[in-house]
Amino acid sequence: MTGFGDASEKRSAAERRQQRMAEARRRVESGENTAPPPAAPAPTPASRPRAARSPGAGAVNPTAAPGSTYAVWRSVQHFCTTDSLPDARSGDLDLLVAWSDTLQPFRLRQRVVARLDSHGTWSPVCYAKDGRREPISQAQADKYREARLGDSTMSGGAVRPLDDSAHPEVTEEL
(Lines give C-alpha, C1' and ligand atoms only; values in the text may rest on other atoms or scores of the structure.)
Protein backbone atom coordinates (compact mmCIF):
# COMPACT_ATOMS: atom_id res chain seq x y z
CA MET A 1 0.00 0.00 0.00
CA THR A 2 1.21 3.48 0.82
CA GLY A 3 4.15 2.98 3.16
CA PHE A 4 3.84 4.49 6.64
CA GLY A 5 1.58 2.46 8.88
CA ASP A 6 1.11 -0.08 6.10
CA ALA A 7 -0.78 -3.12 7.34
CA SER A 8 1.41 -5.41 5.25
CA GLU A 9 4.47 -4.27 7.23
CA LYS A 10 4.99 -6.51 10.24
CA ARG A 11 7.63 -4.46 12.17
CA SER A 12 6.91 -3.22 15.66
CA ALA A 13 7.02 0.44 16.71
CA ALA A 14 10.30 -0.14 18.52
CA GLU A 15 11.90 -1.56 15.35
CA ARG A 16 10.70 1.40 13.28
CA ARG A 17 12.09 3.82 15.90
CA GLN A 18 15.45 2.00 15.84
CA GLN A 19 15.55 2.27 12.04
CA ARG A 20 14.81 6.03 12.15
CA MET A 21 17.55 6.55 14.76
CA ALA A 22 20.05 4.61 12.64
CA GLU A 23 19.17 6.72 9.59
CA ALA A 24 19.57 9.94 11.60
CA ARG A 25 22.94 8.77 12.96
CA ARG A 26 24.12 7.98 9.41
CA ARG A 27 23.12 11.48 8.23
CA VAL A 28 24.96 13.18 11.09
CA GLU A 29 28.12 11.12 10.52
CA SER A 30 28.10 11.79 6.78
CA GLY A 31 27.60 15.54 7.32
CA GLU A 32 24.16 15.74 5.70
CA ASN A 33 22.62 17.36 8.79
CA THR A 34 25.24 20.05 9.40
CA ALA A 35 24.19 23.67 9.20
CA PRO A 36 25.58 25.76 6.36
CA PRO A 37 28.42 28.12 7.31
CA PRO A 38 27.25 31.53 8.54
CA ALA A 39 26.95 34.22 5.90
CA ALA A 40 29.52 36.99 5.94
CA PRO A 41 28.22 40.10 7.72
CA ALA A 42 26.91 42.76 5.39
CA PRO A 43 29.11 45.84 5.20
CA THR A 44 27.70 48.68 7.27
CA PRO A 45 27.31 52.04 5.59
CA ALA A 46 29.75 54.66 6.75
CA SER A 47 28.14 57.12 9.12
CA ARG A 48 29.40 59.99 11.15
CA PRO A 49 30.59 59.02 14.62
CA ARG A 50 28.24 59.78 17.47
CA ALA A 51 29.42 61.82 20.38
CA ALA A 52 29.43 59.96 23.63
CA ARG A 53 26.80 61.07 26.11
CA SER A 54 28.15 62.35 29.31
CA PRO A 55 26.37 61.19 32.45
CA GLY A 56 23.91 63.78 33.65
CA ALA A 57 23.72 65.53 30.28
CA GLY A 58 20.81 67.91 30.24
CA ALA A 59 20.45 68.11 34.03
CA VAL A 60 19.53 71.41 35.61
CA ASN A 61 22.27 73.08 37.66
CA PRO A 62 20.50 74.15 40.87
CA THR A 63 23.25 76.56 41.96
CA ALA A 64 23.68 78.29 38.60
CA ALA A 65 22.26 81.58 39.87
CA PRO A 66 23.87 82.56 43.19
CA GLY A 67 21.73 84.59 45.56
CA SER A 68 18.49 83.06 44.29
CA THR A 69 15.37 82.30 46.25
CA TYR A 70 14.33 78.65 46.38
CA ALA A 71 11.11 76.95 47.46
CA VAL A 72 9.96 73.36 47.98
CA TRP A 73 6.59 71.79 47.14
CA ARG A 74 5.47 68.50 48.69
CA SER A 75 5.00 66.74 45.33
CA VAL A 76 5.14 67.22 41.58
CA GLN A 77 1.36 67.41 41.54
CA HIS A 78 1.41 70.22 44.11
CA PHE A 79 4.00 72.15 42.12
CA CYS A 80 2.12 71.77 38.83
CA THR A 81 -1.08 73.19 40.31
CA THR A 82 -1.21 76.81 39.15
CA ASP A 83 -0.69 79.35 41.95
CA SER A 84 -0.11 76.71 44.64
CA LEU A 85 1.94 77.87 47.61
CA PRO A 86 5.25 76.20 48.42
CA ASP A 87 5.71 74.57 51.81
CA ALA A 88 8.89 76.49 52.56
CA ARG A 89 11.10 79.16 51.05
CA SER A 90 14.76 80.02 51.58
CA GLY A 91 17.88 81.49 50.03
CA ASP A 92 19.83 78.43 51.21
CA LEU A 93 19.19 75.49 48.89
CA ASP A 94 20.76 72.85 51.12
CA LEU A 95 18.83 74.01 54.21
CA LEU A 96 15.59 73.86 52.22
CA VAL A 97 16.32 70.34 50.93
CA ALA A 98 17.17 69.12 54.45
CA TRP A 99 13.99 70.74 55.84
CA SER A 100 11.82 69.03 53.22
CA ASP A 101 12.17 65.71 55.07
CA THR A 102 9.84 67.11 57.73
CA LEU A 103 6.93 66.75 55.28
CA GLN A 104 6.11 63.30 56.67
CA PRO A 105 2.73 62.55 55.02
CA PHE A 106 4.32 63.19 51.63
CA ARG A 107 7.62 61.39 52.22
CA LEU A 108 7.10 58.81 49.46
CA ARG A 109 6.37 61.41 46.79
CA GLN A 110 9.07 63.36 44.96
CA ARG A 111 9.35 66.83 46.42
CA VAL A 112 10.14 69.54 43.90
CA VAL A 113 12.59 72.36 44.60
CA ALA A 114 12.28 75.41 42.35
CA ARG A 115 14.14 78.69 41.90
CA LEU A 116 12.40 82.04 41.48
CA ASP A 117 13.56 83.60 38.21
CA SER A 118 13.71 87.29 37.26
CA HIS A 119 10.22 87.10 35.71
CA GLY A 120 8.62 85.89 38.94
CA THR A 121 8.21 82.34 37.66
CA TRP A 122 9.22 79.26 39.61
CA SER A 123 11.56 76.97 37.65
CA PRO A 124 12.26 73.46 39.02
CA VAL A 125 15.93 72.84 39.75
CA CYS A 126 15.97 69.46 41.54
CA TYR A 127 14.05 66.93 43.56
CA ALA A 128 14.50 66.64 47.32
CA LYS A 129 14.76 63.12 48.68
CA ASP A 130 16.08 61.85 52.01
CA GLY A 131 17.74 65.16 52.84
CA ARG A 132 19.72 65.43 49.61
CA ARG A 133 19.29 66.79 46.11
CA GLU A 134 18.31 64.49 43.24
CA PRO A 135 18.96 65.81 39.71
CA ILE A 136 16.14 66.78 37.39
CA SER A 137 16.51 66.93 33.61
CA GLN A 138 15.96 70.21 31.79
CA ALA A 139 13.18 68.61 29.75
CA GLN A 140 11.34 67.48 32.89
CA ALA A 141 11.79 70.88 34.52
CA ASP A 142 10.34 72.59 31.43
CA LYS A 143 7.39 70.18 31.43
CA TYR A 144 6.60 70.94 35.09
CA ARG A 145 6.98 74.71 34.61
CA GLU A 146 4.64 74.68 31.58
CA ALA A 147 2.05 72.69 33.55
CA ARG A 148 2.28 75.19 36.43
CA LEU A 149 1.80 78.13 34.05
CA GLY A 150 -1.21 76.40 32.49
CA ASP A 151 0.45 76.07 29.07
CA SER A 152 0.17 72.27 29.15
CA THR A 153 -1.36 69.55 31.25
CA MET A 154 0.24 66.71 33.12
CA SER A 155 -0.69 63.20 32.04
CA GLY A 156 -2.04 62.29 35.44
CA GLY A 157 -5.52 61.18 34.46
CA ALA A 158 -5.38 58.38 37.04
CA VAL A 159 -4.33 60.76 39.82
CA ARG A 160 -7.07 62.29 41.95
CA PRO A 161 -7.13 66.09 41.79
CA LEU A 162 -5.91 67.82 44.92
CA ASP A 163 -8.43 69.50 47.17
CA ASP A 164 -7.77 72.78 48.95
CA SER A 165 -6.87 71.07 52.23
CA ALA A 166 -3.90 69.31 50.53
CA HIS A 167 -2.08 72.61 50.03
CA PRO A 168 -0.28 74.52 52.77
CA GLU A 169 -2.03 77.66 53.98
CA VAL A 170 1.23 79.54 54.58
CA THR A 171 4.78 79.27 53.31
CA GLU A 172 7.40 78.81 55.98
CA GLU A 173 10.41 81.11 55.67
CA LEU A 174 13.71 79.41 56.54
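- A cation-pi contact links Arg148 to Phe79, judged by a cut-off of 6.0 Å to the six-membered ring centre and 45° from its axis.
- Here the side chains of Val97 and Tyr70 are not in contact, with every heavy-atom distance at 4.5 Å or above.
- You'll find the side chain of Val125 stays beyond 4.5 Å of the side chain of Ile136, heavy atoms only.
- When atom types are taken as modelled, the side chain of Glu15 and the backbone of Ser12 share a donor-acceptor pair closer than 3.5 angstrom.
- Checking side-chain atoms of Thr81 against main-chain N and O of Gln77 turns up a donor-acceptor pair under 3.5 Å.
- Listed for the Asp87 side chain is a donor-acceptor partner under 3.5 Å among the backbone atoms of Arg74.
- Proximity of a side-chain donor or acceptor of Thr69 to a complementary backbone N or O of Leu116 within less than 3.5 Å is not detected.
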Query raised in the report: Stepwise, does the side-chain contact (heavy atoms from CB on, under 4.5 Å) test hold for Val76 with Tyr144?
Result: CA-CA 8 Å; Val76 171; Tyr144 295 160; 3.4 Å; yes

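- Inspection of the Ser123 and Arg115 side chains reveals no N or O donor paired with an N or O acceptor under 3.5 Å.
- Under the 3.5 Å distance criterion, the side-chain polar atoms of Ser137 are matched with a main-chain donor or acceptor of Gln140.
- Here the CG-OG distance, from Asp92 to Ser68, works out to 12.0 Å after rounding to the nearest 0.5 Å.
- Remark: Lys129 does not engage Asp101 in a salt bridge, criterion side-chain N to carboxylate O under 4.0 Å.
- Minimum interatomic distance between Ser84 and Trp73 (heavy atoms only, all atoms of both residues): OG-NE1, 3.2 Å.
- Without hydrogens or angle criteria, Ser30 side chain to Arg26 main chain gives a donor-acceptor distance under 3.5 Å.
- Inter-residue side-chain proximity for Arg111 and Ser75 is flagged as unmet; no heavy-atom pair is nearer than 4.5 Å.
- One distance of note links CZ of Arg145 with NZ of Lys143; it measures 13.5 Å at 0.5 Å rounding.
- With sequence neighbours excluded, the residues forming a side-chain hydrogen bond (donor to acceptor under 3.5 Å, both in side chains) with Arg27 are Glu23, listed by chain and number.
- Between Pro86 and Val72 there is no side-chain heavy-atom pair separated by less than 4.5 Å.
- Here Arg132 pairs with Glu134 under the side-chain hydrogen bond (donor to acceptor under 3.5 Å, both in side chains) rule; sequence neighbours left out.
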